[in-house]
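Everything on this sheet refers to the single structure shown next.
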Protein chains: 2
Amino acid sequence: MARSMHVRRPATLASLAAELGVSRTTVSNAYNRPDQLSPELRRRVLETARRLGYPGPDPVARSLRTRKAGAVGLLLTENLSYAFRDPAAIGFLEGLALACEDAGTGLLLVPANPEREDVAAVHRAGVDGFVVYSVPDDDPHLAAVLERPVPTVVCDQPDLGNVDRVGIDDQAAMHSLAQHLISLGHRRVGVVCMRLARDRNDDFVVPERQQAAHFHVQRARLAGLAQAFASVGVDWETVPVAERFDHTMASGASAAAQVMERDPQITALICTSDILALGALGELRRRGLRVPEDITVTGFDGIREAEQAGLTTVRQPVLEKGRAAGKLLLDSAERTRPRAVTLSTELVLGSTAASPRGTAEERWFGP
Amino acid sequence: MARSMHVRRPATLASLAAELGVSRTTVSNAYNRPDQLSPELRRRVLETARRLGYPGPDPVARSLRTRKAGAVGLLLTENLSYAFRDPAAIGFLEGLALACEDAGTGLLLVPANPEREDVAAVHRAGVDGFVVYSVPDDDPHLAAVLERPVPTVVCDQPDLGNVDRVGIDDQAAMHSLAQHLISLGHRRVGVVCMRLARDRNDDFVVPERQQAAHFHVQRARLAGLAQAFASVGVDWETVPVAERFDHTMASGASAAAQVMERDPQITALICTSDILALGALGELRRRGLRVPEDITVTGFDGIREAEQAGLTTVRQPVLEKGRAAGKLLLDSAERTRPRAVTLSTELVLGSTAASPRGTAEERWFGP
DNA sequence: GTGAAAGCGCTAACAG
DNA sequence: CTGTTAGCGCTTTCAC
């Protein structure tokens, strides 16, 4: 039984047909259209197949012939280690996988490491369509996907004009969070955000870079903040915005430290993701600050860990995003023009935001 | 630009060749072997391709010809919702994905819902090999995979004799955990385990069902327990073992309740997974029991949440398991006989296990 | 109910 | 460096 040993495919549909003295059609029918065949003949075919070790029609050959692969590709240009550690990404993946499962479709994770600009994997993927999740808008992998003649839906991506899209209104959501902070009395704030482009910049971000960010989600969230605070007279140029390439709690912590160093007087630290916020929270507490008494901290995403920590944040339906993306793609037969699904978000009022108290100096250096 | 609109594939390699007045080989070479071509001609080919909207060689046709799909399939017969909520499963997935990415190979999640016995998806999967993760040994999907003439590696699965295998020594690991409890003085214990077969049984388990369990991992862990406790004179028949189909904290909680109901005098509740243990922990505390003063609780897996909770458990290298499975599969060119990788585990002494104190009656009903 | 014909779109010798 | 030849293994009208 060396079955598992990379055996040279022994029998083909043709050889089976020959052995049986029937046509290839008949054998094919035995597998694909049982009703086109006498049960008796079918039994004989299947039995002979087993005897000859014929494993059934080759899926690739079938795909070539039928012009469908039975799978959708997922492009995820984040280091996998971060993706699989990010509850939001996992939620998206789960939703997408559920949609695929419902449709009996496979889900192909296309290897697309941001470091290697190897687009070949995109070309090699035998899929009926692509879902693209949160990649920079200038990512070559994305470009490669768009060149493939298959339907595509992008998620957390700017409007590409001719492609289906799923997302939330990041700018509006962040704007409303900002409004909340403003109404609490915060005027002097700091920001921690995720990577804005493909190049690593673990440092402060000038407004130009903010506006030119290649990650739509981050750009929109920053824009929402800038807009809200500008509207109450805050000069956004003066607001320290620290960027971090790696999406980890450690990044959140170091960015928080950097921002506090730059402006100890801020009364709120706004983070563009919960992961970063949780890291920041830890760092601030480690430094002896109380949240929210001494400083307000907010996140974005609404992951479970954030909820447990009582983080003030924006909750977005990540699983639904994945599911919607899958549905959109798998429906794409009967569509005509690009569709867009915008899911709603919810401001979560946790226990990490409050009105500023005392002078900032006091908070930072002690009373 | 109706590029995204499911266009009928306009051009093929052949038509492009015709247009250019060169042979198909030349066009093929332009894509696959740039060095077999004058740069000038190559440029012309690629440019004409763009002009004609030729998206490059069709991946499926290429796969058929080259006999390789550039992807491995992952069979995961758990409800996806549980899989994606189980840190251990996610860790495995991450490790496998990393191995695939290293090799530039895609990872195809094969839709295999335990409820639908639809094996077709396995047949339809265009992959160069399969990884099978923790499915019941009588799963029809598994059988279907084994019939495919591609290399396969199973993980957390009994030895199939002719297939590569990755796993840990579940029995030994659980045995050592049991020894630890025994050395602490525990003799009267209860057990909470995951599903043992494909049928739902949210109830106690008789020893026969334990020994006949179709999930190798669960069977081995229970065997390790039974063996350890039997060796110090405990009659395993009398030990309450509660099974739960769904792998959730809620299941752990309800099973814990059920076991306590059955035998309030147990001094330790042993769970075969951390998820279950965390649920049990919550339930016991909710009932006013202190852990470990009133009762000992243990888990298995070593997930992060368990660590945070200070759970006494067994840590297993889930990420490494995934990576090892991927490596094994992607190496399988140069192999001859089935290989097995057994990774090591580590007993984690947390704060949820201690020597039993007072009488059990007191603990359960109050002093 | 069964078969013959006609590719799906591509790559890989090999010869020129 | 380029072209010719030969399929990879299968499905699908369309006759019989």
Side-chain angles (χ1 to χ4, degrees), chain A residues 7-45 48-49 52-70 120 123-128 148-150, chain B residues 7-45 48-49 52-70 120 123-128 148-150:
Chain A
V7 287
R8 215 149 258 327
R9 166 176 280 262
T12 71
L13 184 144
S15 71
L16 217 191
E19 170 82 17
L20 280 157
V22 302
S23 83
R24 304 204 292 287
T25 309
T26 302
V27 177
S28 177
N29 283 339
Y31 285 95
N32 302 317
R33 306 175 165 183
D35 50 312
Q36 300 290 299
L37 213 66
S38 72
E40 163 55 16
L41 178 53
R42 173 151 197 263
R43 209 193 40 66
R44 249 184 69 217
V45 172
T48 310
L52 261 54
Y54 176 65
D58 179 282
V60 175
R62 167 188 275 160
S63 283
L64 175 57
R65 185 60 235 241
T66 60
R67 307 270 58 203
K68 48 183 56 229
H123 292 137
R124 238 191 321 253
V127 296
D128 301 319
R148 293 269 313 250
V150 293
Chain B
V7 288
R8 212 148 259 330
R9 166 177 280 263
T12 71
L13 185 145
S15 71
L16 182 59
E19 170 82 17
L20 279 158
V22 302
S23 82
R24 305 205 290 291
T25 309
T26 302
V27 178
S28 176
N29 283 340
Y31 285 95
N32 302 317
R33 306 178 168 180
D35 50 311
Q36 299 290 299
L37 212 69
S38 73
E40 163 55 16
L41 177 54
R42 174 152 195 263
R43 208 192 42 66
R44 248 184 68 216
V45 172
T48 311
L52 263 53
Y54 176 65
D58 179 281
V60 175
R62 169 188 273 157
S63 283
L64 175 58
R65 185 59 237 238
T66 60
R67 306 270 57 203
K68 49 183 56 232
H123 291 136
R124 238 192 321 254
V127 296
D128 301 319
R148 293 269 313 252
V150 293

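Residue numbers begin at 1 in each chain, while the letters A, B, ... track the order of the sequences.
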Quiz prompt | Minimum heavy-atom distance between A:Ala30 and A:Val45, given as atom pair plus value | solution =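 That closest heavy-atom pairing would be CB-CG1, 3.7 Å.
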Quiz item: Where the side chain of B:Arg65 is concerned, which of C:dA4, D:dT2, D:dA6 is the nearest nucleotide?
Solution: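 It is D:dA6.
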Quiz prompt | From C:dT2, D:dC10, C:dG9, nucleotide with atom closest to A:Leu41 side chain | solution = C:dT2
Select base, sugar-phosphate, or nothing to describe what [X] touches, counting heavy atoms under 4.0 Å on all strands.
| X | answer |
| --- | --- |
| A:Asn29 | nothing |
| A:Arg33 | sugar-phosphate |
| A:Val22 | sugar-phosphate |
| A:Ser38 | sugar-phosphate |
| A:Leu64 | base |

Would you say [X] reaches [N]'s phosphate, i.e. side-chain N/O to OP1/OP2 under 4.0 Å?
| X | N | value |
| --- | --- | --- |
| B:Ser23 | D:dT2 | no |
| B:Tyr54 | C:dC10 | yes |
| B:Arg67 | D:dG9 | yes |
| B:Arg62 | C:dT11 | yes |
| B:Thr12 | C:dG9 | no |

Can you confirm whether [X] sits close enough to [Y] that some side-chain heavy atom of one is under 4.5 Å from a side-chain heavy atom of the other?
| X | Y | value |
| --- | --- | --- |
| B:Arg65 | A:Leu64 | no |
| A:Glu40 | A:Leu37 | no |
| A:Asp128 | A:Val150 | no |
| B:Leu13 | B:Tyr54 | yes |

Exercise. Take B:Ala61 and B:Gln36, find for each the nucleotide of DNA chain D with the closest heavy atom, and name the residue whose nucleotide sits nearer the 5' end.
Key: B:Gln36
Please report the distance, rounded to the nearest Å, between [atom1] in [X] and [atom2] in [N].
| X | N | atom1 | atom2 | answer |
| --- | --- | --- | --- | --- |
| B:Tyr31 | C:dG9 | OH | C1' | 13 Å |
| B:Leu13 | D:dA6 | CG | P | 19 Å |
| B:His123 | D:dG9 | NE2 | P | 18 Å |
| B:Arg44 | D:dC1 | CZ | P | 15 Å |
| B:Lys68 | C:dC10 | NZ | C1' | 16 Å |
| A:Arg24 | C:dA5 | CZ | C1' | 9 Å |
| A:Asn32 | C:dT2 | CG | P | 16 Å |

Practice problem: Starting from the 5' end of DNA chain C, give me the residue, B:Ser28 or A:Thr66, whose nearest nucleotide shows up first. | Solution: A:Thr66
Quiz item: Side chain of A:Thr25, base of D:dT12: donor and acceptor closer than 3.5 Å?
Solution: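 Yes.
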Quiz item: Is A:Thr66 reaching over with its side chain to a backbone N or O of A:Arg62, donor-acceptor style, under 3.5 angstrom?
Solution: yes
